Every structure is written in structure tokens, then in C-alpha cells.
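Just so we're on the same page: letters track the sequence lines, and every chain starts at 1. Given the structure is predicted, the values throughout are model-derived calculations rather than measurements. Computation of the quantities below employed the complete heavy-atom set of this structure, encompassing side-chain atoms and omitting hydrogens, waters and symmetry-equivalent molecules.
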There are 4 protein chains.
Amino acid sequence: MSGTGGTQERPLRADAARNRARLLEVATEVFTTRGVDAPTEDIARAAGVGVGTLFRHFPTKEALLEAVMVRRLESIAAGTARLAAAGEPADAFFDAFRLVVDRSAGKDAFTRALAAAGRNPHAALRETSAAIRAHLGELLAGAQDAGAVRPDLDLPELIALLVGANSALEQLGADPAARERILTVVLDGLRPR
Amino acid sequence: MSGTGGTQERPLRADAARNRARLLEVATEVFTTRGVDAPTEDIARAAGVGVGTLFRHFPTKEALLEAVMVRRLESIAAGTARLAAAGEPADAFFDAFRLVVDRSAGKDAFTRALAAAGRNPHAALRETSAAIRAHLGELLAGAQDAGAVRPDLDLPELIALLVGANSALEQLGADPAARERILTVVLDGLRPR
Amino acid sequence: MSGTGGTQERPLRADAARNRARLLEVATEVFTTRGVDAPTEDIARAAGVGVGTLFRHFPTKEALLEAVMVRRLESIAAGTARLAAAGEPADAFFDAFRLVVDRSAGKDAFTRALAAAGRNPHAALRETSAAIRAHLGELLAGAQDAGAVRPDLDLPELIALLVGANSALEQLGADPAARERILTVVLDGLRPR
Amino acid sequence: MSGTGGTQERPLRADAARNRARLLEVATEVFTTRGVDAPTEDIARAAGVGVGTLFRHFPTKEALLEAVMVRRLESIAAGTARLAAAGEPADAFFDAFRLVVDRSAGKDAFTRALAAAGRNPHAALRETSAAIRAHLGELLAGAQDAGAVRPDLDLPELIALLVGANSALEQLGADPAARERILTVVLDGLRPR
DNA sequence: CATGAATGAGTCTTCATTCAT
DNA sequence: GATGAATGAAGACTCATTCAT
């Protein structure tokens with residue numbers, strides 16, 4: 001897991017690595033704020049490189065979008081991995097829910113990627129989201145065993161709720177108190193009656 | 001209230017009305033399943049007419065999208081109006097939540113329209129969604145007065161939750177039991193602790 | 001030469017004749033003020049008829065344009081015929097020059113039609129402009145015989161100068177004194193040194 | 001003043017510059033002979049490039065047309081500047097008239113641009129044609145002072161006459177003797193009686 | 001390796017003309 | 001005869017992707 005994950009990459013030259021990182025950064029920003037229809041050229045320009053460079057690093061626009069998602073998902077996976085290994089099942093579960101939602105912030109094309117896991121043909125995405133799903137599965141089971149979450153809920157519903165919570169928050173805007181109220185509703189709803 | 005609604009339209013010839021209706025039908029289907037980036041030509045073809053006909057009825061693609069949304073929103077508004085006038089505040093509120101979610105199904109550009117009410121510049125959309133918001137506001141207040149919904153929740157959060165529920169369900173797929181479980185979580189979460 | 005000239009037309013019903021006249025009127029106005037690229041539908045609407053009616057009277061847009069031109073040319077031809085029959089060769093010639101320019105006013109697509117005489121494949125136009133050319137030829141010869149116009153000038157140049165004068169005036173705008181100065185320049189230039 | 005003129009352009013690559021120049025060349029030819037309604041694609045094809053290339057160099061068709069005009073006007077401006085600086089007022093004036101007419105040849109959208117100076121919104125055009133107008137103004141005044149041109153003529157009329165002469169010549173065709181006779185008429189007409 | 005110019009298929013939209021009502 | 005709805009071939013412009021410099 002030395003690099004960005006995937007199929008055997010020879011080590012990039014320093015400047016190439018820098019370009020790649022910068023492109024990923026900028027693409028995340030652009031896709032998030034302007035949507036995935038933003039022209040590749042805008043991304044390249046914002047990253048200070050030519051389109052050619054962009055396409056050298058990412059063979060298609062879709063591959064770039066995928067890489068952006070993978071990065072986000074990896075960050076999430078790191079968090080859920082830690083929490084799945086934690087001791088307190090109930091707290092860990094609820095923390096994980098918040099963590100996923102927090103790190104998915106922005107144009108929700110991203111959370112969707114997580115959900116598209118099974119259907120999606122891209123290996124990198126599939127692997128990372130499978131890991132997250134596994135962690136969430138464990139956390140859910142733990143919380144249910146601890147009686148902290150409704151026992152009839154299954155992983156697909158949990159994920160759908162994560163996507164939904166993300167949408168709701170994206171919809172709502174910045175007011176922190178209101179955001180907290182939204183989360184309270186969903187998290188309370190997850191608890192057994 | 002019987003027809004396509006909006007600002008005074010001279011009565012169309014029978015065949016023209018049929019084409020218009022068919023275009024609206026097909027566009028709803030296409031936008032819903034394939035997203036708003038689907039080519040106008042596909043919509044025209046699916047409706048069995050030439051592009052020219054589409055553009056005669058709807059001067060721009062955006063106008064078509066707007067008409068589709070207005071139709072959906074009007075259907076929702078009719079439902080919420082009825083429920084807002086009903087006697088049982090608590091039931092009416094929860095029924096309204098389900099109704100909005102049901103009739104918003106699809107690539108969720110739709111619930112967003114409702115949410116975008118104040119900001120967006122399309123008069124037809126603005127009016128209809130303002131009406132829905134008004135109904136939802138009444139229903140929420142009634143349910144809160146009746147002690148059936150958390151008192152700290154405000155209309156913007158309710159709407160955000162509707163958008164979120166829609167996303168969650170869209171994400172989930174068809175399984176009716178799972179869909180019901182999702183809704184149960186959210187609706188239970190809305191109740192006071 | 002009872003009607004609009006051309007190949008055998010059965011007498012139109014009163015309303016049809018009225019429509020045809022109105023279309024010609026409106027088309028002249030529209031082509032003149034908005035150019036020949038104005039949509040046929042605008043012309044039909046301005047004339048208070050449907051496009052279908054327009055195309056019943058004039059099988060193509062070009063035919064309509066031609067009819068408009070023929071009308072103008074006929075008006076010019078009537079004037080030049082009268083002047084060609086007049087007694088005073090010099091005055092008649094200069095009057096004709098002014099007359100052609102006056103009646104050609106407007107988007108000069110019209111004067112061009114006159115010039116396109118020989119090349120142009122449309123019978124109606126060809127005939128009428130041939131007549132005008134004949135009159136102008138006579139007038140020119142008369143004025144040259146009378147020593148009022150440079151002897152080296154030929155009909156094609158005269159026509160080119162008419163087109164040019166028309167362009168110049170169209171370019172200039174409304175100021176009557178300035179228009180007169182332009183005409184003075186050209187008419188003086190036509191005189192022998 | 002050496003190149004394509006306008007607001008600071010970074011130096012293009014050799015091939016790009018060649019394409020740009022070729023497009024300008026071809027567009028001049030096409031607009032001149034077939035009018036401004038000729039499809040952009042025809043221009044691109046004639047220049048041996050794809051449409052994309054055309055639109056890379058000129059963001060809209062109008063921008064291309066403007067560039068073509070600017071080039072023509074600059075060529076004219078260079079000539080009138082030289083003549084305005086010359087010693088012999090009368091000759092300089094008449095030479096300038098011929099020069100403008102010569103270099104404006106074609107579907108006369110061009111001389112119009114000169115005339116449209118004040119009104120039109122394109123900065124590049126405005127500046128260049130303002131320069132030409134200034135030169136012509138000086139030349140006219142000089143020639144009038146020298147008694148070589150009618151004293152009652154003003155700049156707007158001169159410009160209208162340039163447009164008119166251009167139209168007349170465009171109308172006339174290639175015969176050099178006839179063209180010369182036309183110019184003689186107009187130039188003689190400009191002289192005082 | 002990086003650059004950005006070139007490509008051309010694809011998208012929206014217009015408009016002359018036809019034809020069912 | 002009149003109407004205006006329907007048609008579809010263009011036309012301007014965009015953008016992912018390729019490739020010469």
C-alpha cells in the first residue's frame with residue numbers, strides 16, 4: 001500500500017508525482033464544487049499543467065474521477081478500520097456513521113461511488129469500498145449485538161442511509177445547529193424503539 | 001387544475017396535445033432514469049416525434065425539464081394540500097412525508113427542485129414549490145403541536161430530510177421491505193425522544 | 001398584364017387576393033427592415049395568416065422574395081417607361097436616375113435583383129428588369145446624343161452606378177441635405193468634362 | 001504592427017500560427033465571395049483543419065468575421081496613414097479613395113464595417129476604423145483647402161461614397177476599363193464645378 | 001516527460017417546407 | 001382554402017482524447 005494502490009506502478013519521478021498529486025487535489029475541488037461535467041481542461045489549467053499531462057496520469061476522465069473517489073474512500077476506509085478495531089461497539093458505530101458522512105461532504109457523486117461498489121467495474125474502487133463495507137458490516141453487527149441499533153437493519157440499508165444523510169446535509173447548507181439536528185434524527189432513528 | 005397547468009395556454013389541437021403529453025411523459029421517464037444529460041433527440045425519438053416538435057412545444061431543453069418538474073411538483077402539491085386540510089395532524093404529517101418521497105422517486109433532480117424554491121429563477125417552479133413548502137410548514141407545525149414530532153425541527157431541515165430520504169431510497173433499489181425499513185428509521189427519528 | 005404578371009393564373013377569390021397582397025406588403029417591409037434572413041413564419045404572422053397560406057401563395061421563400069422584387073421593379077419600370085417616352089433627353093435621364101434610386105430604397109438586396117437580370121433564372125424578374133434596362137439604355141443614349149452625359153459610358157456601368165448610389169444613400173441615413181450632396185456628386189460625375 | 005494585431009497574444013507555435021493565418025486567409029476569401037452566411041465548417045475544411053481548430057482560434061463565428069475585417073481595415077489604415085502624411089493634398093486624397101475601394105473589394109460587408117465605426121461594439125474594429133476615418137478626414141480637408149474637392153462635402157458623405165463605389169464595382173465585375181470609368185465618374189463628381 | 005494544438009463526434013437549436021385537421 | 005403542427009436537415013459550438021513539437 002505504498003502508493004495510490006492499483007496495478008504495478010514504477011516509481012514516478014519527483015515532478016511527475018507532484019503533478020499527479022496536484023491534479024488529484026484540484027480535481028477533487030473542481031468536481032466537488034462545479035460537478036463532474038466540468039471540462040478536463042479547466043482541471044488541468046487549475047493544476048497548472050497541460051491537458052496532455054492530465055491524460056498521461058489518468059487515461060480517461062472517468063479514471064480521474066475514479067482516482068478522486070478512491071482517495072476519498074481510502075480516507076474513509078482508514079477511519080472505519082480504526083473504529084472497527086475499537087472496543088466500544090455502540091459508540092464506534094455512531095462515530096463511524098458521522099465519520100463517513102463528514103468525509104463524504106460535497107457533491108454527493110462521491111458517496112454514490114461507495115454504494116456502487118458491487119456493480120461497479122473498477123477494481124480500485126471496488127476494493128476500497130469493499131473494505132469500508134466490511135468495516136461497516138462489523139460495526140453494525142457489533143452495535144446490534146450491543147442493543148444499540150435496530151436488529152432488523154442490514155448493511156445495504158445502512159449504506160443507503162449514509163448516502164441519504166449526506167444528501168440531506170449537502171442540501172441543507174452550513175448552519176451547524178441544523179446539521180446536527182438532521183444527524184440526530186437519523187441516528188436516533190437507527191436506535192431500537 | 002385539470003391539465004398541464006401554468007400560464008394561460010390556448011387550447012391545442014388534439015394531436016398536438018397528445019404529442020405534448022407524450023413528450024412530457026417520455027421526458028419524465030428519461031430524465032428520471034438516465035439523468036438530465038440525456039440528449040433531446042433521444043427523448044423526441046422515444047416520444048415518436050421529430051426534434052422539431054419537441055422544440056415547438058418546449059423552446060429549450062431547460063424549459064422541458066422545468067415542465068417535467070412542474071408536473072411532478074403539482075402532483076405533490078395536490079397531495080400535500082389535501083393532507084394539510086385533513087383532521088389528524090400527526091398522521092397527516094407522516095403521510096405527507098411518505099407522499100413526497102414516493103412522488104419524487106428518480107434521479108432526484110426532482111426533490112432538489114422543491115428545495116431550490118427560493119433561489120431559482122423559474123416562476124412556475126417557484127410558485128408550486130412555495131405551495132408545497134407552505135403545506136409542509138403547516139403539517140409540521142400541527143404535528144409538533146400534537147407532540148408527534150420533535151419541536152426543535154424547522155422546515156428547512158424537514159426538506160433536507162425529504163431530499164435525503166429520496167436519495168437513500170433511490171440508492172437502495174426496489175426491495176420493498178428494505179425501503180420500508182429506511183423510512184421507519186427516518187420517521188421514527190422525527191418523533192420526540 | 002392584368003395581375004402580378006407571370007404564367008396563367010386563374011382569378012383568385014377575394015379573400016385569397018387580399019391575403020396575397022397583404023403578404024407582399026408585409027414581406028416587403030420585413031425583408032427591407034430586417035433583411036432576407038427573417039423567418040417566413042414572422043412574415044406570415046405579421047400578415048395575420050398561417051405559414052401554410054404563405055406557402056400556398058408563394059411556393060418557396062425565394063419565390064416570395066422574387067415577387068417582392070418584381071413589384072418594386074414594376075413600379076420602377078412604369079416610371080422609366082414614362083420617362084423614356086418623354087421629350088427632353090437630358091432631364092429625362094437624370095430624373096430616371098433619381099427615380100430608380102428613390103424607389104430602390106431599403107435593404108439593397110433589391111437593386112441587386114435588377115442587376116442580376118441577365119444571370120438570374122427567374123422569368124418574372126428577368127422580363128421586368130429587361131424592360132427597365134431597355135428604358136435606361138434608351139435614356140442613356142438620348143442623353144449622350146444630347147451631350148449631357150459622358151459618351152464613353154455604357155449601360156452596365158450606369159446600372160452599377162445606380163446600385164452604388166443606392167448603397168451610398170442607404171449607408172448615409174436620413175439627412176436630406178447630405179443625401180442630395182451624394183446625388184450631386186454622382187450626377188455631376190456623369191456629365192462630360 | 002507586424003502581425004495579427006490586437007490585444008497582447010502570446011507567441012503561437014509555428015504550426016498554430018500557420019493554421020491561424022490560413023484560416024484568416026480562407027475566411028476572407030469565403031466571406032468575400034460567398035457571403036458571411038457560409039458555414040464555418042466549409043471554412044475549416046477549405047483551410048484543411050477541423051472545426052475544432054477554427055473555434056480554438058476564434059471563439060465564435062463572429063469573432064472570426066471580426067478578425068477578417070480587422071485585418072482588412074488595418075491594411076487600409078496603413079495605406080491611408082501613409083497618404084495622410086504625404087505632401088500633395090489633392091493627389092493624396094484621390095489615391096486614398098482608390099486605395100480604400102481597392103482593398104475593400106468583395107461582398108462589401110467590409111466597407112460597411114468602416115462605416116459602422118461609431119455604432120458597433122467591437123473594440124478592435126472601432127479603433128482601426130476610427131483611425132481610417134481620421135486619416136480620411138485629414139485628407140478630405142487638405143484636398144478641400146487645395147480646392148480639389150467640393151467644399152460642401154463632409155466625412156460621412158465621403159464614407160457613404162466609398163461604400164457606394166465599392167458596391168458599384170462589386171456589381172460590375174472584372175472589366176478593368178469599365179471599372180476605371182466608374183471611378184472616373186465618382187472622382188470627377190467629387191471635384192468642384 | 002510536458003505541452004497545448006488539432007480533431008471530430010455529439011449537442012442544442014432554427015427554419016423552410018409539408019400535410020393532417 | 002386556411003391553419004399551424006410536424007419534420008429533419010443544417011449550423012454553431014463543446015469537449016474528451018490524441019499527437020506533433
Side-chain angles (χ1 to χ4, degrees), chain A residues 12-16 19 37-45 48-64, chain B residues 10 12-20 37-45 47-64, chain C residues 12-16 19-20 37-45 48-64, chain D residues 10 12-20 23 37-45 47-64:
Chain A
L12 290 173
R13 272 175 18 182
D15 55 345
N19 276 341
D37 285 343
T40 48
E41 187 142 9
D42 285 11
I43 297 174
R45 186 180 14 261
V49 303
V51 261
T53 304
L54 188 158
F55 278 94
R56 165 170 292 276
H57 286 292
F58 308 96
T60 65
K61 186 185 189 179
E62 209 192 346
L64 173 59
Chain B
R10 93 209 65 174
L12 288 174
R13 266 199 297 178
D15 54 346
R18 201 161 36 246
N19 276 336
R20 197 194 135 89
D37 286 342
T40 48
E41 191 156 358
D42 285 10
I43 296 175
R45 189 184 5 267
V49 302
V51 259
T53 301
L54 187 158
F55 280 96
R56 161 172 275 271
H57 286 289
F58 307 96
T60 64
K61 187 184 187 181
E62 208 190 346
L64 173 59
Chain C
L12 290 173
R13 272 174 21 182
D15 56 344
N19 277 340
R20 198 192 133 90
D37 285 343
T40 49
E41 186 142 9
D42 286 11
I43 296 174
R45 188 182 10 264
V49 303
V51 259
T53 302
L54 188 159
F55 278 93
R56 165 170 290 275
H57 286 292
F58 307 95
T60 65
K61 188 185 189 180
E62 208 191 346
L64 172 59
Chain D
R10 91 209 68 173
L12 289 175
R13 267 197 291 171
D15 54 347
R18 203 163 31 249
N19 277 335
R20 199 193 133 90
L23 278 165
D37 286 342
T40 49
E41 192 155 358
D42 285 10
I43 296 175
R45 189 183 7 265
V49 303
V51 259
T53 301
L54 187 157
F55 281 97
R56 162 174 275 272
H57 286 289
F58 307 95
T60 62
K61 187 186 187 178
E62 209 190 344
L64 172 59

With sequence neighbours left out, what residues match B/P39 under side-chain contact (heavy atoms from CB on, under 4.5 Å)?
B/R34, B/D42
Could you check how far CZ of C/R45 sits from P of F/dG4, rounded to whole Å?
10 Å
Test of understanding: with side-chain contact (heavy atoms from CB on, under 4.5 Å), list the residues that count as partners of D/D37, not counting sequence neighbours.
C/D37
At less than 4.0 Å, is any side-chain N or O atom of B/T53 found next to OP1 or OP2 of F/dA5? Yes or no.
no
Could you tell me the separation between the NE2 atom of C/H57 and the CG atom of C/N19, rounded to the nearest 0.5 Å?
5.0 Å
Kindly point out which of E/dA6, F/dG1, F/dT3 is positioned nearest to the side chain of C/R56?
F/dG1
Let me check I have this right: for DNA chain F, each base becomes ., (, ), [, ] or |, based on Watson-Crick or G-U pairs with both distances under 3.5 Å. What is the full string?
.||||||||||||||||||||
Partner residues of A/T40 under the side-chain contact (heavy atoms from CB on, under 4.5 Å) criterion, sequence neighbours left out
A/V51, A/L54, A/F55, A/K61
For a quick test of reading the model: is some side-chain N or O of A/H57 closer than 4.0 Å to OP1 or OP2 of E/dC1?
no
Using a cut-off of strictly less than 4.0 Å, decide whether B/N19 has a side-chain nitrogen or oxygen near OP1 or OP2 of F/dA5.
no
Closest to the side chain of B/V49, out of F/dT7, E/dA6, E/dT3, is F/dT7
Report the distance from atom CG of D/L64 to atom P of F/dC13, rounded to the nearest whole Å.
10 Å
Can you measure B/R18 atom CZ to E/dT21 atom P for me and round it to whole angstrom units?
8 Å
If I take atom CZ in residue C/F58 and atom P in nucleotide F/dA2, what distance separates them, rounded to the nearest angstrom?
12 Å
Please tabulate, one pair per line, each protein N/O and nucleotide N/O from nucleotides 15-17 of chain F that are separated by under 3.5 Å, including the distance.
from, atom 1, to, atom 2, distance (Å)
F/dA16, OP1, A/K61, NZ, 2.8
F/dA16, OP2, A/T40, N, 2.8
F/dA16, OP2, A/T40, OG1, 2.9
F/dT17, OP2, A/K61, N, 2.8

Go through the structure and list residues passing side-chain contact (heavy atoms from CB on, under 4.5 Å) with C/R56, not counting sequence neighbours.
none
